[in-house]
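From a predicted model like this one, the values you see are computed outputs, not experimental measurements. Both counts, for ligands and for their atoms, begin at 1 and track the order of listing.
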Amino acid sequence: MNEDSSSRIVAGLREWIAAAPPGARLPSTRAMVAHYRASPVTVQKALRTLVSQGIVESRPGVGTFTRAIRVARPNNYAWQTAALGSPHRRVPHLSGALRTTPPDAIALHSGYPDRDLLPQRLVRSAFSRAARSDAPVNVPPAAGLPELRAWFAAELGAYAPVGVAPPAASDAIVLPGSQSGLSTAFRALVGAGQPLLMESPSYWGAILAAAQAGVQVVPVPSDTHGPDPDELARAFEQTGARAFYAQPNFANPTGAQWPPDVVDRVLDLVRTHGSFLIEDDWAHDFGITTEPVPVAARDDGGHVVYVRSLTKSVSPAVRVAGIVARGPAHERILTDAQTQSLYVSGMLQVTAFEVVSQPAWRTHLRQLRQQLAARRDLLADAVREHVPSAHIEAVPRGGLNLWVRLPDTTDLPSLVRDCEAAGVVIAAGDEWFPAEPTGPYLRLNYSGPNPGAFPEGVQIIGQMLSRQGLEP
Ligand SMILES: Cc1ncc(COP(=O)(O)O)c(C=O)c1O
């Protein structure tokens, strides 16, 4: 079918409709075929477009009519300014990391892995099996399906050292993604107006969730070795904070995996201060050269609240996460989660469980490790070759991102804009800082589509830097 002639007919008919009264009958298809010298199929396609735009309506067997008029003047929503008043708190905008991009762009900004990295076949057949179960018509239990709760608990319990009681299935709650888990944890454990310690830089979604919950974020400096324990100790003492949000394994964005002495110090600190560590194990399935060992596995005293997502590793369409919390904190979290969403779709829970309980899931994860290693190395080599003035603070042992420091005088917003104009989408590191950024950084994600284009993308970043008069 000829796309051009269909758009030509749409444009022509729009002009005709603009001059016609509402309810006017359009010429017959035969007349339009003759007038536009197009096939009946092309004319029908143009009519369907106008129907979908709400400009005409088709009455089967009668004809096609212009619709009662659409408002030509712009709506005035000013009354809402008075009704809503000032925002109680200003929440930062959603990150550029979630932007959709043109299909031919080189995407180094994305947050969710490309479909080539997903267990596609497993997910599709899990959806089919779930569709044949009772899941499409059942209301699941509020805390989640028992088998999925048991799976989340067992996954964490597998790392429990001798002498530490592993969590029970009843400690786990299923959530609609870990983003909502963070919001729930911040509201339930910290509360509006109260301090929450957070690594800086940290995941922009956590910064957003904290702002929305109205908690006071207190940044604690963190780098590729994790948070500075002395600064953390000082922050606990100065603020009396009840919680510290962190990502001990393959942190987004730095890629840090905490060394054992940092894990020990942080556990000591939360215990001494009667506080929680909210551990976001977002990249549990993305170890490359090391295994992620959750800090929560070493705590049976209820100090570590553990959030584990399946969204990125199973599929962004299976938006399911688990939170493991013990003691009264568990009840608080469950109450908040229920208040927000009542329960998570049973269809998604059954699908998630169907995927992760197959032996093929483990095989997939082993292959994924190799794919991620190859992508990470390709991107890191390209940065070294094409942007030698950039500094990769550490090649991460897991996760999906390279955290790259640029020369101090880089004009980051211009760089992002110039790269985008040249077809390369990158994420400015500023979004990952809960306070002022400590320098110009890029977070380059190696899990996006078309890894073969990574070197070209990085080369373009180098060219755009040199346009700023900087060494690439
Ligand atoms: C560190 C971190 N935590 C949580 C999330 C949100 O995960 P989910 O998709 O399960 O909501 C993300 C997503 O990018 C993330 O990077």
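- Between Asp264 and Arg298 there is a salt bridge, since at least one side-chain N of the basic residue sits less than 4.0 Å from a carboxylate O of the acidic one.
- Closer than 4.0 angstrom to ligand 1 by heavy atom are Tyr112, Gly177, Ser178, Gln179, Tyr203, Gln247, Asn252, Asp280, Trp282, Ser309, Thr311, Lys312, Arg319, sorted by chain and number.
- No donor-acceptor contact under 3.5 angstrom links the side chains of Asn401 and Arg376, judged on distance only.
- Among residues two or more places apart in sequence or in another chain, the ring-ring contact (aromatic ring centres under 6.0 Å, His included) test is passed with Phe276 by none.
- Looking only at side-chain heavy atoms (C-beta outward), Arg149 and Val174 come within less than 4.5 Å of each other.
- Side chains of Glu291 and Tyr159: a donor on one and an acceptor on the other come within 3.5 Å.
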Original post:
Between Phe152 and Tyr306, is a side-chain contact (heavy atoms from CB on, under 4.5 Å) present by the stated rule, with each step listed?
Top reply: CA-CA 10 Å; Phe152 276 119; Tyr306 176 75; over 6 Å; no

